[in-house]
Amino acid sequence: MNTGSELVPFELLHLELVAQALNDSWLDIEKLENIGYSAGYRIVEKLAREGPKFKDELDLLKFICKDFWGAIFRKQIDNLRTNHQGVYVLQDNSFRFLNRVSADRQYLEASPKFVSLTCGLVRGSLANLGVSAVVTAEITSLPACKFQVQVQRA
């Protein structure tokens, strides 16, 4: 039975990184996102090594929502939407890094720091797969989170 206990070290590391960022230390949102980018780039390399070749951009994003997200958070994205013009919205209704965050206004204001690492993870994974994108997150009610992927076309 999968209890999720294998995710505890990852969650603790994430919480420590966010705590450092919240305490006005050397770590800011941009650095958190860059750490995520580097990790996402490496993680997807291992996941996609033996995986299928992608027939199009949507197929690639489905891989991110199922396989990549599943490898990191042990669940799939709850909803994927697209406008078929390079904008994709990945919705996680119970985002693991926000599950224990209070719905207090104070924490809602600090929530960008809780999701910046994940924005980097997604952006790095896409970069390794040949897709340049801007990834942002929107949190309107905790613990749900929407990640918007805007593909940058030349």
Side-chain angles (χ1 to χ4, degrees), residues 4 6-22 24-99 101 109-140 142-154:
E6 66 276 1
L7 291 173
V8 171
F10 183 50
E11 285 184 63
L12 292 175
L13 173 63
H14 179 265
L15 285 173
E16 184 57 33
L17 288 169
V18 170
Q20 292 293 320
L22 288 172
D24 294 324
S25 72
W26 59 274
L27 192 60
D28 59 14
I29 289 179
E30 185 179 342
K31 288 180 183 164
L32 276 173
E33 203 262 349
N34 287 336
I35 291 168
Y37 177 92
S38 181
Y41 195 93
R42 289 179 176 97
I43 292 168
V44 82
E45 197 168 81
K46 294 185 184 302
L47 291 175
R49 184 180 307 155
E50 297 168 9
K53 299 296 179 219
F54 308 108
K55 61 184 177 191
D56 59 18
E57 204 174 80
L58 181 59
D59 200 34
L60 190 143
L61 265 292
K62 287 178 182 178
F63 169 80
I64 296 297
C65 292
K66 293 178 182 177
D67 299 291
F68 182 76
W69 208 263
I72 294 174
F73 299 109
R74 300 295 186 249
K75 69 181 282 285
Q76 295 180 4
I77 282 287
D78 295 307
N79 195 352
L80 169 64
R81 293 182 184 213
T82 182
N83 67 356
H84 299 287
Q85 296 176 4
V87 177
Y88 300 87
V89 178
L90 291 66
Q91 183 165 341
D92 189 331
N93 294 328
S94 184
F95 184 55
R96 180 170 291 281
F97 291 158
L98 295 175
N99 272 337
V101 175
E109 289 172 3
S111 62
K113 293 184 179 180
F114 285 90
V115 296
S116 59
L117 181 83
T118 306
C119 288
L121 285 167
V122 173
R123 191 172 66 88
S125 67
L126 291 170
N128 191 327
L129 297 171
V131 176
S132 177
V134 173
V135 180
T136 56
E138 178 187 358
I139 302 162
T140 52
L142 295 170
C145 186
K146 290 180 184 177
F147 294 91
Q148 180 172 309
V149 176
Q150 185 164 2
V151 175
Q152 304 295 294
R153 296 198 169 99

Rounded to the nearest 0.5 Å, the CG atom of Leu60 sits from the NZ atom of Lys53 at a distance of 11.5 Å
Sorted by chain and number, sequence neighbours left out, salt bridge (charged side-chain N to carboxylate O under 4.0 Å, His left out) with Asp59 holds for none
Q. Is it the case that Glu57 and Tyr88 place a side-chain donor and acceptor less than 3.5 Å from each other?
A. yes
Within a strict 4.5 Å, meaning less than it, do heavy atoms of the Thr82 and Leu61 side chains meet? no
May I have the step-by-step check of ring-ring contact (aromatic ring centres under 6.0 Å, His included) for Phe95 and Phe147, ending in yes or no? CA-CA 11 Å; Phe95 184 55; Phe147 294 91; 5.3 Å; yes
Here the gap from Ile72 atom CD1 to Arg96 atom CZ, rounded to the nearest 0.5 Å, amounts to 12.0 Å
Could you check whether any side-chain N or O of Gln152 sits under 3.5 Å from a backbone N or O of Gln150, counting only pairs where one atom can act as donor and the other as acceptor? yes
| Hey, mind stepping through Phe54 and Phe63 against ring-ring contact (aromatic ring centres under 6.0 Å, His included) and telling me if it holds? | CA-CA 9 Å; Phe54 308 108; Phe63 169 80; 5.1 Å; yes
Residue set satisfying salt bridge (charged side-chain N to carboxylate O under 4.0 Å, His left out) with Lys75, at least two apart, ordered chain then number -> Asp78, Asp92
To the nearest 0.5 Å, atom CZ of Arg42 lies from atom OH of Tyr37 at 10.5 Å
Query raised in the report: Side chains of Leu121 and Val44: does their closest heavy-atom pair fall under 4.5 Å?
Result: no
Check your understanding: Counting distance only, does the side-chain N/O of Ser125 pair as donor-acceptor with the main-chain N or O of Gly40 below 3.5 Å?
Key -> no
For residues 118-129, the salt bridge (charged side-chain N to carboxylate O under 4.0 Å, His left out) pairs (sequence neighbours left out) are Glu33-Arg123
